[in-house]
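Working notes for the structure below.
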Amino acid sequence: MKFVVCIYTPLFRNLPLLCCSFNSFRFRMSPPSVLITGANRGIGLGFVHHYLSLKDVKHVFATARDPSTANDLNGISDPRLHVVKMDVQNDESIIAAEKEISSIVGDAGLTLLINNAGVLDRYEVESPIDRKRILDTFDINVAGPIIISQVFLPLLRKAASFNSSLPIGVNRAAIVNISSGAASIQDNKSGGVVIYRASKVGLYSPPPIFSKILSINESLNSLTKTFGHHTIKDNVLTVAILPGFVVTQLTNNRGELTVEQSIALMVKVFDTWTKESNGLYYAKEGHLFPL
């Protein structure tokens with residue numbers, strides 16, 4: 001969609017009409033409410049700082065398993081920030097968080113859900129067999145985003161209806177899944193971190209309760225595609241994005257980008273998404289990443 005703005009004044013009649021064109025106006029806007037899981041450090045905390053820097057954002061919900069120990073979040077003095085208790089492995093905790101957030105956003109609903117919480121377990125081919133480690137990784141990285149998206153979908157649908165004058169995108173209603181380069185099968189040139197890779201793409205068979213939402217052997221990226229087929233019917237966008245190799249505790253403070261650099265790149269990409277972006281997997285620079 002292209003918009004043209006022209007400026008004219010009778011004081012300068014002999015000057016040519018000054019016109020500026022814009023491909024979209026969405027970059028001028030911000031999602032009124034944002035929920036970020038795993039927000040007590042790293043990329044999640046970076047998203048918190050970013051959205052609090054935008055004056056049009058009314059509510060930022062930052063989840064942590066134990067808010068009393070989330071020192072970085074508790075050190076932020078902004079009334080728009082709500083630190084919410086949520087354990088992505090505990091359904092009652094997720095449901096309680098939804099009720100708390102619903103009581104705050106009301107009929108406006110929740111505009112943007114960022115599924116960021118995750119764990120990187122360095123389980124290797126040569127590691128001692130440990131089924132619990134494997135299942136815990138899948139529980140956090142796959143089951144967590146599935147259930148959180150399910151529980152918060154009614155609030156996202158509310159936002160899509162409340163913001164019906166806006167085009168489909170992150171400023172109307174959206175689920176953004178923070179994925180990983182390790183999720184790409186085509187880009188896997190080194191192996192390693194076996195369970196982390198598997199939890200991000202493939203090898204996941206969900207319980208029967210999800211059989212209408214997910215088919216066998218789907219995980220985070222495939223979840224994005226499958227969930228997107230359902231959410232787009234209600235004008236809720238679902239997309240996955242790769243943040244890059246970011247210096248965080250998850251990567252043992254190694255990486256190519258700071259949190260701030262990664263966030264700056266990703267949010268630029270967020271603003272380019274349209275209905276056609278639904279169900280896709282993007283790199284932080286904005287191009288599609290190989291599956």
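These values consider heavy atoms only, across backbone and side chains, with no hydrogens, waters or symmetry-generated copies.
No side-chain heavy atom of Trp273 sits under 4.5 Å from any side-chain heavy atom of Leu280. In this structure the side chain of Leu223 never reaches within 4.5 angstrom of the side chain of Val142, judged on heavy atoms. Side-chain contact check for Phe227 versus Gln150: some heavy-atom pair is nearer than 4.5 Å. In this structure, Pro167 and Thr274 have side chains that are not in contact, with every pair of non-hydrogen atoms separated by 4.5 Å or more. Considering only heavy atoms from C-beta on, Leu52 stays 4.5 Å or farther from Val57 through its side chain. Here the side chains of His230 and Leu153 are not in contact, with every heavy-atom distance at 4.5 Å or above. For the pair Arg172 and Ser165, the minimum side-chain heavy-atom distance is 4.5 Å or more. Side-chain contact check for Pro243 versus Lys284: every heavy-atom pair is 4.5 Å or farther apart.
No donor-acceptor pair under 3.5 Å is formed between the side chain of Asn115 and the backbone N or O of Asn177. Remark: the backbone N or O of Arg80 is paired with a side-chain donor or acceptor of Asp78 at under 3.5 angstrom. Between the side chain of Asn235 and the backbone N or O of Ala173, no donor-acceptor pair lies under 3.5 Å. Not a single donor-acceptor pair under 3.5 Å links the side chain of Ser161 to the backbone N or O of Lys158. Judged purely by atom type and a 3.5 angstrom limit, Lys85 has no side-chain atom pairing as donor or acceptor with the backbone of Asp66.
The aromatic rings of Phe270 and Phe47 sit parallel to each other, their planes meeting at less than 30°, with 60° as the upper class boundary. Ring-plane geometry between His82 and His59 is classed as tilted, the angle between the planes lying from 30 to 60 degrees on a 0 to 90 degree scale.
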key: Test side chain to side chain contact (heavy atoms under 4.5 Å, CB included) applied to Thr63 and Ile36, step by step   = CA-CA 6 Å; Thr63 78; Ile36 304 148; over 6 Å; no

Side chain to side chain contact (heavy atoms under 4.5 Å, CB included) between Val60 and Leu81: does it pass, once the steps are laid out? CA-CA 5 Å; Val60 174; Leu81 175 63; 4.2 Å; yes

Inset, instruction - Determine, step by step, whether Phe152 and Thr37 satisfy the side chain to side chain contact (heavy atoms under 4.5 Å, CB included) criterion, reporting the C-alpha distance in whole Å, the side-chain angles of both residues, the deciding distance to 0.1 Å, and the verdict. - result: CA-CA 12 Å; Phe152 283 91; Thr37 68; over 6 Å; no

**Prompt:** Taking it one step at a time, do Leu112 and Val176 satisfy side chain to side chain contact (heavy atoms under 4.5 Å, CB included)?
**Reply:** CA-CA 8 Å; Leu112 177 58; Val176 176; 3.8 Å; yes

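Between the CG atom of Asp139 and the OG1 atom of Thr137 there is a distance of 9.5 Å, given to the nearest 0.5 Å. Atom OG of Ser33 sits about 8.5 Å away from atom CG of Leu156, to the nearest 0.5 Å. Distance check: Leu166 CG to Asn171 CG gives 7.0 Å after rounding to the nearest 0.5 Å. Here the straight-line distance linking atom OG1 of Thr231 with atom CG of Asn278 works out to 5.0 Å at 0.5 Å rounding. Rounded to the nearest 0.5 Å, atoms OG1 (Thr111) and CZ (Phe162) are 9.0 Å apart. Once rounded to the nearest 0.5 Å, the distance linking OG of Ser30 with NZ of Lys58 reads 11.5 Å.
Val259 meets the side-chain contact (heavy atoms from CB on, under 4.5 Å) test with Val246, Thr248, Ile263; sequence neighbours excluded. Residues satisfying the side-chain contact (heavy atoms from CB on, under 4.5 Å) criterion with Asn40, sequence neighbours excluded, are Ala64, Ala70, Leu73. Partners of His49 according to the side-chain hydrogen bond (donor to acceptor under 3.5 Å, both in side chains) rule, which considers only residues two or more places apart in sequence or in another chain, do not exist here. Every residue meeting the side-chain contact (heavy atoms from CB on, under 4.5 Å) condition with Ile95, not counting sequence neighbours, appears here in chain and number order: Lys99, Val151. Every residue was checked against the salt bridge (Lys or Arg N to Asp or Glu O under 4.0 Å) condition with Asp72, not counting sequence neighbours, and none meets it.
If you run side chain to side chain contact (heavy atoms under 4.5 Å, CB included) between Val48 and each of Ile114, Val34, Ile76, only Ile76 comes through.
Residue Gly244 comes nearest to Leu257 through the heavy atom pair CA-CD1, 4.5 Å, listed as atom of the first residue, atom of the second, then distance. Looking at every heavy atom in both residues, Pro145 comes nearest to Ser149 through O-OG, 2.8 Å. Met86 and Ser93 make their closest contact through CA-OG, 3.1 Å (heavy atoms, listed as atom of the first residue, atom of the second, distance). Closest approach of Leu237 to Ser277, counting heavy atoms only: CD1-C, 4.3 Å. Summarising the geometry of Gly118 relative to Ile140, their closest heavy-atom pair is CA-CG2, 3.9 Å, with the distance given to 0.1 Å. Taking every heavy atom of both residues into account, Asn90 and Glu92 meet most closely at OD1-N, 3.0 Å.
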For residues 101-110, which side-chain donor-acceptor pairs fall under 3.5 Å, sequence neighbours excluded?
{"from": "Ser103", "atom 1": "OG", "to": "Glu100", "atom 2": "O", "distance (Å)": "2.6"}

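No hydrogens or angles considered: nothing links the side chains of Thr238 and Thr224 as a donor-acceptor pair under 3.5 Å.
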